[in-house]
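Below is one structure, written out as structure tokens, with a few remarks after it.
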There are 2 protein chains.
Amino acid sequence: MNIKIGELARRTECQVGTIRYYEKEGLLPEPTRSGGNYRLYGEAHIERLQFIRHCRSLDMTLSEVRALQRYQDTPDQDCDEIKVLVDEHIHQVEVRIEELSQLKQHLVALLSKCSGVRTVGSCGILQGLSDCTCLLVSTDDSPTS
Amino acid sequence: MNIKIGELARRTECQVGTIRYYEKEGLLPEPTRSGGNYRLYGEAHIERLQFIRHCRSLDMTLSEVRALQRYQDTPDQDCDEIKVLVDEHIHQVEVRIEELSQLKQHLVALLSKCSGVRTVGSCGILQGLSDCTCLLVSTDDSPTS
DNA sequence: TACAGACCCTCTAGTTACTATAGAGTCAAG
DNA sequence: CTTGACTCTATAGTAACTAGAGGGTCTGTA
């Protein structure tokens with residue numbers, strides 16, 4: 001079918017530069033080239049790229065994508081490890097949600113420190129950021145990842 | 001008081017490299033130097049650094065921190081803009097939480113695609129990642145229970 | 001006085017997943 | 001034969017650090 005990179009980009013809603021980046025990173029196999037050195041892609045490339053983009057839309061890292069691709073290449077293997085990988089990814093997402101919820105609580109508490117007085121010097125928010133009072137809402141503080 | 005960078009790092013639970021980085025970025029004023037060219041910090045530096053670290057623990061960017069620092073330097077100004085900044089930051093956090101919650105739903109749905117068969121080839125998770133079926137859970141899809 | 005070890009210095013490169021640019025080449029239509 | 005859309009490679013930039021190389025400083029001990 002032999003489409004050029006721009007067409008592939010349109011079909012997958014992916015930027016041209018991103019496609020070349022995936023190739024450089026070994027996530028997308030090198031396509032054949034035209035006489036004028038243009039990349040020429042086929043069906044397999046479209047599917048492979050869509051796979052990557054779906055994984056990315058699920059917030060997976062490229063190294064997680066690489067791991068899943070290795071499983072794709074060995075279809076007779078036990079699928080337990082894939083489930084473990086997805087499970088762990090779900091866990092990471094849950095942890096991040098929890099962190100952000102705590103964070104939001106801290107921020108709301110911080111906002112309430114504004115005394116209603118109208119100047120920066122007496123506002124309480126900056127004071128709350130200078131001492132620890134803005135961080136006393138929750139049990140443990142976990143810096144972000 | 002004149003403490004060296006290692007002591008400052010210990011007191012603020014911040015890495016030495018990070019302190020030098022903040023200085024380079026203009027977030028922390030350049031300290032005086034000893035005869036041997038060592039950085040020598042005082043109380044003001046400790047407070048300033050703690051301020052930065054608290055902001056960072058609230059997931060603020062360094063450019064948000066810079067903005068807040070500018071307010072610190074003009075205590076007679078109206079504090080509304082600070083509230084706006086914090087408000088916007090809270091909003092960003094809320095948006096991210098919502099995104100991650102959707103994401104988690106997608107991932108859980110993906111996990112349920114595993115047919116129970118034990119090989120990668122028939123697992124359904126990789127298939128779900130190749131086509132779009134793992135992304136169909138979203139917004140207005142309410143299965144009955 | 002010599003030396004070990006802890007600390008400090010600057011500078012550079014690496015991290016993640018791209019995005020954006022520069023400067024050049026290719027190709028089809030007018 | 002030129003214009004314009006497209007492509008190529010290579011490089012630098014993003015955020016907020018972290019790690020390392022290769023050196024200097026300082027203090028305590030032999």
Side-chain angles (χ1 to χ4, degrees), chain A residues 2-28 30-41 45 48-69 89 92-93 96 99 103 142-145, chain B residues 2-28 30-41 45 48-69 89 92-93 96 99 103:
Chain A
N2 281 355
I3 57 174
K4 282 182 285 182
I5 199 167
E7 177 64 16
L8 178 62
R10 258 186 303 281
R11 293 206 198 181
T12 54
E13 295 176 74
C14 179
Q15 296 227 26
V16 167
T18 305
I19 296 173
R20 287 197 275 247
Y21 172 72
Y22 289 158
E23 180 183 326
K24 191 161 59 96
E25 291 298 303
L27 287 148
L28 208 52
E30 290 187 23
T32 58
R33 296 283 181 136
S34 73
N37 201 32
Y38 287 8
R39 289 172 178 82
L40 295 177
Y41 297 96
H45 290 101
R48 194 86 165 185
L49 181 51
Q50 270 166 348
F51 181 87
I52 300 170
R53 296 307 289 172
H54 286 152
C55 291
R56 292 289 302 131
S57 78
L58 294 171
D59 225 19
M60 291 180 186
T61 64
L62 293 186
S63 107
E64 286 176 307
V65 177
R66 251 184 288 267
L68 287 173
Q69 284 185 340
H89 188 65
Q92 286 168 29
V93 171
R96 187 68 186 136
E99 282 173 4
L103 237 168
S142 38
T144 62
S145 55
Chain B
N2 281 355
I3 57 173
K4 282 180 285 180
I5 199 167
E7 178 64 17
L8 178 62
R10 259 186 302 279
R11 293 205 200 182
T12 54
E13 293 176 75
C14 179
Q15 296 226 27
V16 166
T18 305
I19 296 173
R20 287 196 276 246
Y21 172 73
Y22 289 158
E23 180 183 325
K24 191 161 59 98
E25 292 297 302
L27 287 148
L28 210 52
E30 291 188 23
T32 56
R33 298 282 183 136
S34 73
N37 200 32
Y38 287 9
R39 289 172 177 82
L40 295 177
Y41 297 96
H45 289 101
R48 194 88 167 185
L49 182 52
Q50 270 167 347
F51 180 87
I52 300 169
R53 296 309 289 172
H54 285 152
C55 292
R56 293 289 301 130
S57 79
L58 293 171
D59 225 19
M60 291 178 185
T61 64
L62 293 186
S63 106
E64 286 177 307
V65 177
R66 252 185 287 267
L68 287 173
Q69 284 185 340
H89 188 65
Q92 286 166 31
V93 171
R96 189 65 186 140
E99 283 172 3
L103 236 168

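Hydrogens, waters and symmetry mates play no part in the numbers below; they use all other heavy atoms, side chains included. Letters A, B, ... are given to chains in the order of the sequence lines, protein chains preceding strands, and every chain is numbered from 1. Only a predicted model underlies this, so the values are computations on that prediction, with no experimental measurement involved.
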Please report, rounded to the nearest Å, how far the C1' atom of dT19(C) is from the CD atom of E23(A).
17 Å

Looking across every strand, which nucleic acid part, if any, lies under 4.0 Å from E25(B) by heavy atom: base, sugar-phosphate, or nothing?
nothing

First of R39(A) and T18(B) reached from the 5' end of DNA chain D, by closest nucleotide
R39(A)

By nearest-nucleotide position on DNA chain D, the 5'-leaning member of T61(B) and I5(A) is I5(A)

Could you check whether R20(A) gets within reach of a base, just the sugar-phosphate, or nothing at all, counting any heavy atom under 4.0 Å?
base

Can you find a heavy atom in the side chain of T61(B) that is under 4.5 Å from one in the side chain of H89(B)?
no

Just the atom pairs and distances: protein N or O near nucleotides 22-26 of chain C's N or O, under 3.5 Å.
unit_1, atom_1, unit_2, atom_2, d
dG25(C), N2, Y38(A), OH, 2.8
dT26(C), O4', Y38(A), OH, 3.4
dT26(C), O2, Y38(A), OH, 3.0

In whole angstrom, give the distance that lies between atom CD1 of I19(A) and atom C1' of dT19(C).
14 Å

At a heavy-atom distance below 4.0 Å, which nucleotide of DNA chain D is the first touched by chain A, and which is the last?
dC6(D) to dT9(D)

Give, for atom SG of C55(A) and atom CG of L62(A), the distance between the pair rounded to the nearest 0.5 Å.
9.5 Å

With nearest nucleotides of DNA chain C determined for G17(A) and K24(B) from heavy-atom distances, which residue corresponds to the more 5′ nucleotide?
K24(B)

Nucleotide dC8(C), atom P - distance to CG of L40(B) in whole Å:
11 Å

Atom OH of Y22(A) to atom C1' of dT19(C): distance rounded to whole Å?
12 Å

Measuring only between side-chain heavy atoms, which start at C-beta, is R39(B) closer than 4.5 Å to T32(B)?
no

Of all the heavy-atom pairs spanning K4(B) and Y41(B), show the shortest one and how long it is.
C-CD1, 4.3 Å

M60(A) CE to dT16(C) P, in whole Å, measures 17 Å

Categorize R53(A) for me: base, sugar-phosphate, or nothing, with a 4.0 angstrom heavy-atom threshold over every strand shown.
sugar-phosphate

So does E23(B) pair up with R20(B), basic N to acidic O under 4.0 Å?
no

Quick one: Y21(A) OH to dC18(C) C1', roughly how many Å, whole number?
6 Å

In whole angstrom, give the distance that lies between atom CG of D59(A) and atom C1' of dT16(C).
12 Å

